[in-house]
Amino acid sequence: MKQGKSRFRMWKILSFAFAMFVQVYWFRIRKKSDTEWERLWDKLGQQFRQLLFELEGLLIKVGQFLSIRKDLIPSGFIDQIQDLVDQVPPSPWEEIKSVMEREWGGSIENVLLSVESKAVASASIGEVYRGKLKDGTEVAIKVQRPSIPSIMRTDFRSLAIIIWFAQHFAPIPKGFLNFNMLFKELKYVIERELDFQKELETIQHFQQRFESYSKLNIPKVYPDISTQKVLVMEWIDGVRITDVDFLDKSLVDREELSQRLMRIFLPQWLEAGVFHADPHAGNVLVKSDGTIVLLDFGMVGEISKKDAINFQNLMQAILLKNYAQAAEILGDLGFLLPEANLKTIQNLLKEVLTMDLNQLKEMDLLAVKKEMNDMVKLLPIQVPTRFIFLGRSFVTIEGMLLTISPNKEILEIVKPVFMDWLNQSNSSKWKFFLKWINALPIFQVFHSIQDLLETPQRLLVQKETLQQREFYFSIYENQKKQMFIISVLGFVGISLGIYFQYPILSKVSVGLMVISFIGYFFCSWRQRKWLKLMDRKSKH
């Protein structure tokens with residue numbers, strides 16, 4: 001029975017992915033208008049959203065992940081899934097009770113004084129129940145959904161097939177996304193989230209890391225009664241930090257709260273180590289006295305020492321308004337494509353980061369946001385796969401800050417927090433001072449003269465590189481389209497041969513399909529080989 005459900009689930013996922021691929025390629029071949037493309041992506045987004053809620057499981061996580069890839073995925077598709085919440089119907093209580101008793105090796109009454117049978121929270125991987133220990137201590141009991149291991153195995157197999165298919169057949173997106181790396185990153189993070197023992201260790205790590213922070217609560221954990229599938233934590237009451245009515249009613253200083261929230265997360269983004277990758281409003285609560293409560297450490301990311309140093313230097317460059325250095329660091333981190341013009345990126349950073357908040361209020365924010373998204377897609381920038389979850393963390397916290405302190409610019413909140421962090425860290429103040437001196441206008445004149453002298457040659461090289469890339473890329477894409485058309489004709493021929501009982505037509509059509517598949521693979525291989533060569537040349 002379970003095997004039949006798994007096969008049906010896999011068939012639903014793969015059939016949707018294949019149908020989506022065929023529709024997109026058909027639109028490319030017929031060269032549809034921008035308006036028709038927008039309607040197609042909007043329709044596909046609606047269908048994908050419906051599939052997510054129907055099948056739940058890993059797909060909800062995939063949908064949340066895709067919703068932050070605005071640099072690669074059309075806005076019509078993103079608009080349909082950007083507000084996804086990991087909230088699914090709870091499992092029957094008897095099944096949850098069985099999981100707890102199996103993990104504890106006996107009746108739940110041996111461990112708990114009482115437990116409520118109604119879930120207080122229910123996500124795709126775990127459900128949370130409120131209970132009491134034998135001594136009367138209130139606890140939150142996180143239990144892994146009974147069916148989740150088999151669902152995850154099916155979904156990962158389906159996703160692996162889709163990734164392979166996309167790697168070899170899908171039109172290569174801007175940024176030439178590494179699908180295999182993307183799959184490995186997603187698999188690593190979700191498999192880690194399935195192991196509640198790892199979450200327990202992460203909670204203990206964060207408790208130690210932030211033990212000196214005032215007005216911050218991270219739940220106490222109970223290792224003796226926690227397992228890989230059951231996590232027992234201290235129960236902490238709180239309200240979503242974005243509940244502004246509660247903040248005003250409790251007389252919580254919103255600006256001070258915003259800065260304390262940033263003091264918790266800025267070190268996570270700038271220092272090597274793990275960071276909270278899923279800080280949505282349901283996981284970040286606040287008490288009436290302004291104390292922040294941080295929950296759910298199942299989804300975490302990790303920053304290397306090298307990337308941490310680059311992020312620290314990037315923050316310094318932005319605060320010192322040294323946009324030339326900021327553009328260079330973005331390149332070192334991998335956010336810029338090889339053909340990116342650093343001067344263009346520098347000017348863009350300057351324009352965006354010096355935008356006046358009062359002028360922004362007078363604009364049509366939806367129109368501005370759409371214009372900015374469209375502009376970003378045209379720029380030679382990308383989000384490296386290893387920073388996907390870091391970007392998710394940053395964007396989520398940014399949204400919270402805009403809700404809590406809508407009249408404050410993000411940089412106004414970040415700057416004092418960063419300066420305090422700088423004073424407390426091992427960073428050299430003299431190094432920071434020299435960078436500040438170097439960023440002063442009088443010194444920038446010399447940099448501008450040097451840039452001016454180098455610009456003509458740089459622009460000429462860049463123009464030639466872009467023209468060459470576009471020319472060869474279009475050749476390979478046209479060859480792949482021709483192979484695709486032949487395979488479609490072969491499929492039609494096979495269908496007609498079977499329907500009209502013409503074996504010869506079927507055999508010829510099968511031959512056409514085989515030839516077209518071989519040709520497609522060969523063109524794709526040559527294209528990837530050429531892209532790697534161009535990438536190496538652009539770095540030298």
Side-chain angles (χ1 to χ4, degrees), residues 58 61 64-65 86 96 99-100 102-105 111-112 120-131 133 137-146 148-149 152 156 184-213 216-236 238 263-280 282-285 292-305 307-308 386-390 392-393 396-397:
L58 172 63
K61 298 288 183 186
Q64 291 173 334
F65 167 78
D86 195 0
I96 292 295
V99 173
M100 288 193 282
R102 190 165 55 249
E103 292 296 303
W104 287 335
V111 179
L112 303 173
V120 295
S122 178
S124 56
I125 288 177
E127 302 174 23
V128 179
Y129 294 81
R130 187 171 186 169
L133 299 180
T137 303
E138 284 197 294
V139 290
I141 308 157
K142 184 175 180 180
V143 185
Q144 190 177 107
R145 297 177 73 89
I148 201 64
M152 288 297 178
F156 275 129
K184 287 178 183 177
E185 184 77 10
L186 189 64
K187 193 169 187 287
Y188 169 77
V189 170
I190 292 177
E191 284 181 343
R192 181 188 175 95
E193 195 174 356
L194 282 169
D195 187 347
F196 289 178
Q197 283 285 4
K198 284 188 170 61
E199 182 174 354
L200 184 147
E201 292 167 5
T202 304
I203 293 173
Q204 292 175 325
H205 166 77
F206 272 87
Q207 284 173 336
Q208 185 178 1
R209 183 176 184 179
F210 294 105
E211 62 182 350
S212 62
Y213 280 54
L216 171 63
N217 277 178
I218 295 173
K220 175 185 174 183
V221 289
Y222 296 86
D224 294 342
I225 51 176
S226 294
T227 68
Q228 284 190 331
K229 296 184 178 181
V230 177
L231 177 60
V232 183
M233 302 164 284
E234 170 190 10
W235 179 273
I236 303 178
R263 288 180 198 281
I264 295 169
F265 280 91
L266 190 69
Q268 297 181 46
W269 301 332
L270 296 180
E271 297 171 6
V274 297
F275 62 89
H276 197 305
D278 193 24
H280 60 75
N283 291 336
V284 184
L285 310 181
I292 295 174
V293 181
L294 206 55
L295 305 174
D296 196 350
F297 294 84
M299 185 179 286
V300 294
E302 192 167 353
I303 301 176
S304 68
K305 288 184 178 179
D307 287 335
R386 69 185 189 279
F387 296 138
I388 297 298
F389 294 97
L390 182 66
R392 173 192 173 95
S393 179
T396 308
I397 294 298

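Below, all heavy atoms of this structure are taken into account, side chains as well, without hydrogens, waters or symmetry copies.
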Hey, is the main chain of Asp296 close enough, under 3.5 Å, to the side chain of His276 for a donor-acceptor pair? yes

Any salt bridge linking Glu271 with Arg209? Criterion: basic side-chain nitrogen under 4.0 Å from a carboxylate oxygen. yes

Lys229 NZ/CZ over Phe196 ring centroid, <6.0 Å and within 45° of normal: no

Taking only residues two or more places apart in sequence or in another chain, which ones pass ring pair (Phe, Tyr, Trp, His ring centres under 6.0 Å) with Tyr129? Trp93

Ile141 and Val128: side chain to side chain contact (heavy atoms under 4.5 Å, CB included), yes or no, with the steps? CA-CA 5 Å; Ile141 308 157; Val128 179; over 6 Å; no

Do you know the tightest heavy-atom contact between Gln268 and Ile264? NE2-O, 3.0 Å

Ion pair Lys142/Glu127, N-O distance below 4.0 Å: no

Return the set of residues passing salt bridge (Lys or Arg N to Asp or Glu O under 4.0 Å) with Glu191 (not counting sequence neighbours), or none when no residue passes. Lys187

Main chain of Pro279, side chain of Thr396: is a donor-acceptor contact present, judged purely on distance under 3.5 Å? no

Heavy-atom closest pair, residues Leu200 and Ser226: CD1-CB, 3.6 Å

Are the side chain of Glu302 and the backbone of Phe275 linked by a donor-acceptor contact shorter than 3.5 Å? no

Sub-3.5 Å donor-acceptor pair from the side chain of Asn217 to the main-chain atoms of Ile236, do we have one? no

Can you tell me if Arg145 uses its side chain to pair, donor with acceptor, with the backbone of Ala123 under 3.5 Å? yes

Tell me, with the steps shown, if Val293 and Val284 meet side chain to side chain contact (heavy atoms under 4.5 Å, CB included). CA-CA 6 Å; Val293 181; Val284 184; over 6 Å; no

One pair to check against side chain to side chain contact (heavy atoms under 4.5 Å, CB included): Val221 and Gln204. What are the steps and the verdict? CA-CA 8 Å; Val221 289; Gln204 292 175 325; 3.9 Å; yes

What residues, two or more places apart in sequence or in another chain, satisfy salt bridge (Lys or Arg N to Asp or Glu O under 4.0 Å) together with Arg192? none

Any side-chain heavy atom of Ile203 within less than 4.5 Å of one from Ile218? yes

Does any non-hydrogen side-chain atom of Asp278 lie less than 4.5 Å from one of Val300? no

Residue list, side-chain contact (heavy atoms from CB on, under 4.5 Å) with Val111, at least two apart or on another chain: Trp104, Ile225

Salt bridge (Lys or Arg N to Asp or Glu O under 4.0 Å) with Lys220: which residues, sequence neighbours excluded? none

Look at the rings of Phe206 and Phe210 and say which category their plane angle falls in: under 30° parallel, 30 to 60° tilted, over 60° perpendicular. parallel

Taking the side chain from Glu199 and the backbone from Phe297, do they hold a donor-acceptor pair closer than 3.5 Å? yes

Mind checking what makes salt bridge (Lys or Arg N to Asp or Glu O under 4.0 Å) contact with Arg130, not counting sequence neighbours? Glu138

